[in-house]
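What follows is a single structure, written as structure tokens, with notes after it.
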Amino acid sequence: MGALRDLMRLVRWSRDQPRPSFADAMATSVQATEDVRAYQDALISGVVGPHNGVPTTALVEEVRQLPSPSGRRVELVLRIDGPGQPRVTHTAEPPRPVRVGELLPVWMLRFEPQRFSIDWTRAAAS
């Protein structure tokens with residue numbers, strides 16, 4: 001008898017919950033479809049950019065010089081402005097010096113912010 005009472009409470013509770021409009025449900029499904037396409041494209045091409053990513057920024061928390069023939073290879077510790085504010089380590093040969101505290105423009109996948117690329121063309125313009 002207790003299980004039936006719990007089930008009835010659950011049914012009443014679910015009826016009291018707000019329901020999204022049809023337009024909201026469609027917008028959510030369109031966004032999910034676009035996210036899946038962007039993710040698949042990034043997996044296949046191995047590149048995140050304007051064609052499959054969303055623009056955001058990454059805060060440079062650390063810069064470590066790495067040995068390389070060019071002398072420009074660095075390891076960057078970045079805090080990406082995205083879901084969960086992930087802290088990632090990225091190795092690159094930047095076209096210009098990068099400083100701690102600097103904001104770099106990046107392209108990231110909306111639901112997987114650890115997949116990103118630094119947009120050095122926008123970074124050079126700023």
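Computed from a predicted structure; not experimentally measured.
With contacts defined as side-chain heavy-atom distances shorter than 4.5 Å, the pair Asp41/Arg37 does not qualify. Using a 4.5 Å cut-off on side-chain heavy atoms (C-beta onward), Pro94 and Val74 make contact.
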Determine, stepwise, if the pair Gln85 / Arg87 fulfils side chain to side chain contact (heavy atoms under 4.5 Å, CB included).
CA-CA 7 Å; Gln85 297 272 322; Arg87 188 172 190 242; over 6 Å; no

### Query
Does the pair Thr56 and Phe116 meet the rule for a side chain to side chain contact (heavy atoms under 4.5 Å, CB included), with working shown?
CA-CA 10 Å; Thr56 188; Phe116 70 96; over 6 Å; no

Between Gln65 and Arg73, does the side chain to side chain contact (heavy atoms under 4.5 Å, CB included) criterion hold? Intermediate values first, please.
CA-CA 6 Å; Gln65 193 70 35; Arg73 194 157 186 80; 5.6 Å; no

Intermediate values then yes/no, side chain to side chain donor-acceptor pair (under 3.5 Å), Glu75 and Thr89 | CA-CA 7 Å; Glu75 183 178 80; Thr89 303; 5.5 Å; no

Walk me through whether Trp107 and Arg122 qualify under side chain to side chain contact (heavy atoms under 4.5 Å, CB included). CA-CA 11 Å; Trp107 294 99; Arg122 285 193 308 163; 4.2 Å; yes

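In the hydrophobic clustering of ILVMFWY residues, with side-chain heavy atoms under 4.5 Å counting as a link, Val77 and Leu59 come out apart. Residues Leu76 and Val88 share a hydrophobic cluster, clusters being chains of Ile/Leu/Val/Met/Phe/Trp/Tyr side chains in contact below 4.5 Å. Val98 and Val100 fall within the same hydrophobic cluster, where Ile, Leu, Val, Met, Phe, Trp and Tyr residues are linked whenever their side-chain heavy atoms come under 4.5 Å apart, directly or through other members. In this structure, Val47 is not a member of the same hydrophobic cluster as Ile80, with clusters built from ILVMFWY side-chain heavy atoms closer than 4.5 Å.
Minimum heavy-atom separation, Ile118 to His90: CD1-CD2, 3.5 Å. Nearest heavy-atom pair across Met108 and Pro113 is SD-CB, 3.5 Å. Residues Val63 and Val60 share a closest heavy-atom pair of CG2-CG1, 3.5 Å. Of all the heavy atoms in Ser70 and Glu93, the pair that sits closest is OG-OE1, 3.2 Å. Shown here for Ala42 and Val48, the closest heavy-atom pair between the two residues is CB-CG2, 4.1 Å.
The distance from the CG atom of Asp119 to the CG atom of Leu104 is 10.0 Å, given to the nearest 0.5 Å. Summarising the geometry, atom CG belonging to Asp81 is positioned 4.5 Å from atom OG1 belonging to Thr57; distances are rounded to the nearest 0.5 Å. How far CG of Asp35 is from CG of Asn52: 11.0 Å, rounded to the nearest 0.5 Å. Atom CG of Leu78 and atom CD of Gln114 lie 12.5 Å apart (nearest 0.5 Å). The NE2 atom of His51 sits 4.5 Å away from the OG atom of Ser45 when rounded to the nearest 0.5 Å. Between the CD atom in Gln40 and the CG atom in Leu109 there is a gap of 11.5 Å [rounded to 0.5 Å].
When the shell of 6.0 Å around CZ of Arg19 is examined, it contains more than 12 heavy atoms from other residues, nucleotides or ligands. By the neighbour-count criterion of 12 heavy atoms within 6.0 Å, atom CZ of Arg72 is densely surrounded, having more than that number from other residues, nucleotides or ligands.
Between Arg79 and Glu62 there is no salt bridge, since none of the side-chain N atoms of the basic residue sits less than 4.0 Å from a carboxylate O of the acidic one. A salt bridge is defined here as a Lys NZ or Arg NE, NH1 or NH2 lying under 4.0 Å from an Asp or Glu carboxylate O, and Glu112 with Arg115 meets this definition.
Evaluation of the ring pair (Phe, Tyr, Trp, His ring centres under 6.0 Å) test over residues 9-32, restricted to residues two or more places apart or in two chains, returns none.
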